[in-house]
Amino acid sequence: MSRQVFLYDPPDRFVAGTVGLPGRRTFFLQASSQGRVTSVALEKNQVAALAERIDELLDEVVRRTGGNSPVPAVAPTDVSDTGPLDVPVEEEFRVGTMALAWDGEEQRMIVEAQALVELDADSEDDLAEAEEKLLQDEENGPPMLRVRLSGAQARAFARRALDVVNAGRPPCPLCSLPLDPEGHVCPRQNGYRRGA
C-alpha cells in the first residue's frame with residue numbers, strides 16, 4: 001500500500017487546537033483548504049516543541065538574510081487565527097515524528113507530521129535498522145501531513161500553538177504542577193490541604 005500524504009500547499013488554515021476540558025484535552029494540528037480538512041492528534045509537549053522550533057527556524061532565517069526575507073519578526077495580527085477547530089474533528093492519525101525545513105527558493109516553511117508507527121524488533125540494532133528503513137521509504141511509509149506556509153503564516157501558527165498550550169490548567173504557586181478543578185495535593189506541602 002502506498003503512503004498517504006495529506007498535502008496543503010498552501011493551506012487556507014493551519015492551526016493547533018484542542019478538544020476537551022483542561023486536564024483532559026486532546027491536542028490536534030488541523031489543516032484545511034477548499035473544503036478539505038485534515039486533523040492529526042499529538043501530545044501537548046509536541047505542540048509546544050513544534051511552535052518553539054518554528055520560531056527558532058524563522059529567527060535564523062531573518063538573521064541569515066539580514067532582515068531581507070519575507071519573514072516577519074513577530075506574528076502579524078492580520079493573519080492570526082483564534083477560531084475553534086473545524087468540526088467534526090476526525091483524527092486521521094496520531095503523530096509520531098515531526099520535521100521542519102525552510103525552502104529558501106520558495107520562501108516557505110515546510111512542516112511534516114508523520115504517523116506514529118509501532119516497530120517490532122528483537123534488539124536495539126534491529127529497531128534502529130527498522131526505523132532507518134521506514135524513514136527512507138518515501139513510497140510505503142506511514143501516513144504524513146505536509147504543510148507549506150509563508151513566514152507570516154508560520155509565525156501566526158507558532159503564536160497560536162503556544163497560546164493553546166498555555167491555556168490549560170493554571171500552575172500551583174508552590175510546586176508549579178497543574179491545579180485541578182477538584183483540588184490539588186501539593187508535594188511541597190506533603191499532601192496537606194488547608195481548609196476553606
Side-chain angles (χ1 to χ4, degrees), residues 1-20 25-61 71 81 85-165:
M1 185 172 157
S2 65
R3 166 181 265 184
Q4 186 174 17
V5 177
F6 301 93
L7 177 63
Y8 291 85
D9 184 13
D12 293 335
R13 184 173 194 230
F14 180 58
V15 295
T18 62
V19 173
R25 298 185 296 171
T26 302
F27 288 78
F28 290 93
L29 297 179
Q30 190 177 73
S32 60
S33 180
Q34 300 174 359
R36 184 173 64 113
V37 178
T38 302
S39 302
V40 297
L42 68 171
E43 299 298 322
K44 178 180 180 177
N45 61 351
Q46 288 176 299
V47 175
L50 178 61
E52 291 166 6
R53 298 303 180 271
I54 285 174
D55 271 338
E56 289 170 4
L57 182 55
L58 293 174
D59 289 345
E60 183 64 17
V61 168
V71 176
D81 184 343
L85 294 173
D86 293 329
V87 291
V89 178
E90 296 176 2
E91 178 182 323
E92 294 293 338
F93 59 83
R94 179 157 288 280
V95 175
T97 59
M98 294 183 291
L100 290 177
W102 179 256
D103 181 344
E105 288 182 25
E106 298 286 328
Q107 299 292 302
R108 293 277 186 247
M109 168 77 65
I110 302 165
V111 179
E112 292 182 349
Q114 184 170 282
L116 181 64
V117 176
E118 299 288 330
L119 297 174
D120 288 331
D122 295 329
S123 69
E124 285 193 32
D125 290 338
D126 291 345
L127 182 60
E129 185 179 318
E131 287 175 342
E132 185 65 29
K133 190 180 215 180
L134 186 63
L135 290 173
Q136 292 177 356
D137 191 354
E138 274 296 313
E139 291 185 19
N140 299 313
M144 175 190 296
L145 171 65
R146 181 178 292 144
V147 182
R148 295 175 58 88
L149 305 166
S150 68
Q153 287 175 312
R155 284 279 191 211
F157 169 84
R159 185 177 71 193
R160 176 189 167 127
L162 288 174
D163 289 347
V164 166
V165 167

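Keep in mind that what you see is a predicted model, and the values were worked out from it rather than measured.
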Is it true that D59 and R155 have a side-chain N and a carboxylate O under 4.0 angstrom from each other?
yes
Residues R94 and T26: closest non-hydrogen pair is NH2-CG2, 4.3 Å
Separation between CG of L116 and CG of L42, rounded to the nearest 0.5 Å:
11.0 Å
Under 3.5 Å donor-acceptor, R3 side chain and M144 backbone
no
Within 45° of the ring axis of F6 and under 6.0 Å from its six-membered ring centre, is that where the NZ or CZ of R36 lies?
no
Within the structure provided, determine whether L145 and F14 are in side-chain contact (heavy-atom separation under 4.5 Å).
yes
Shortest non-hydrogen contact from D86 to Q30?
N-OE1, 2.7 Å
For V37 and Y8, the nearest pair of non-hydrogen atoms, with its separation, is C-OH, 3.5 Å
Return the minimal non-hydrogen interatomic distance between R160 and D81, and the atom names on each side.
NH1-O, 2.8 Å
Using only heavy-atom distances, determine whether the side chains of S39 and E91 contain a donor-acceptor pair under 3.5 Å.
no
For the atom pair CD (E105) and CD (Q107), what is the distance rounded to the nearest 0.5 Å?
9.5 Å
Could you tell me whether the side chain of R53 reaches within less than 4.5 Å of the side chain of L57, counting heavy atoms only?
no
With a 3.5 Å distance limit and no angle check, can you tell me whether R148 reaches the backbone of I110 through a side-chain donor-acceptor pair?
no
When you compare the side chain of S150 with that of R108, does any pair of heavy atoms fall below 4.5 Å?
yes
R25 to V165 - nearest heavy-atom pair and separation:
NH2-O, 3.5 Å
Output the distance between atom CG (L50) and atom CG (N45), rounded to the nearest 0.5 Å.
11.5 Å
Would you check, one step at a time, whether the test side chain to side chain contact (heavy atoms under 4.5 Å, CB included) holds for M109 with L100?
CA-CA 7 Å; M109 168 77 65; L100 290 177; 4.0 Å; yes
Rounded to the nearest 0.5 Å, how far apart are CD of Q114 and CZ of R146?
9.5 Å
Over all heavy atoms of both residues, which pair between L29 and A113 is shortest? Give the atoms and the distance, please.
CD1-CB, 4.4 Å
Point-to-point distance, once rounded to the nearest 0.5 Å, from CZ of F157 to CD1 of I54
5.0 Å
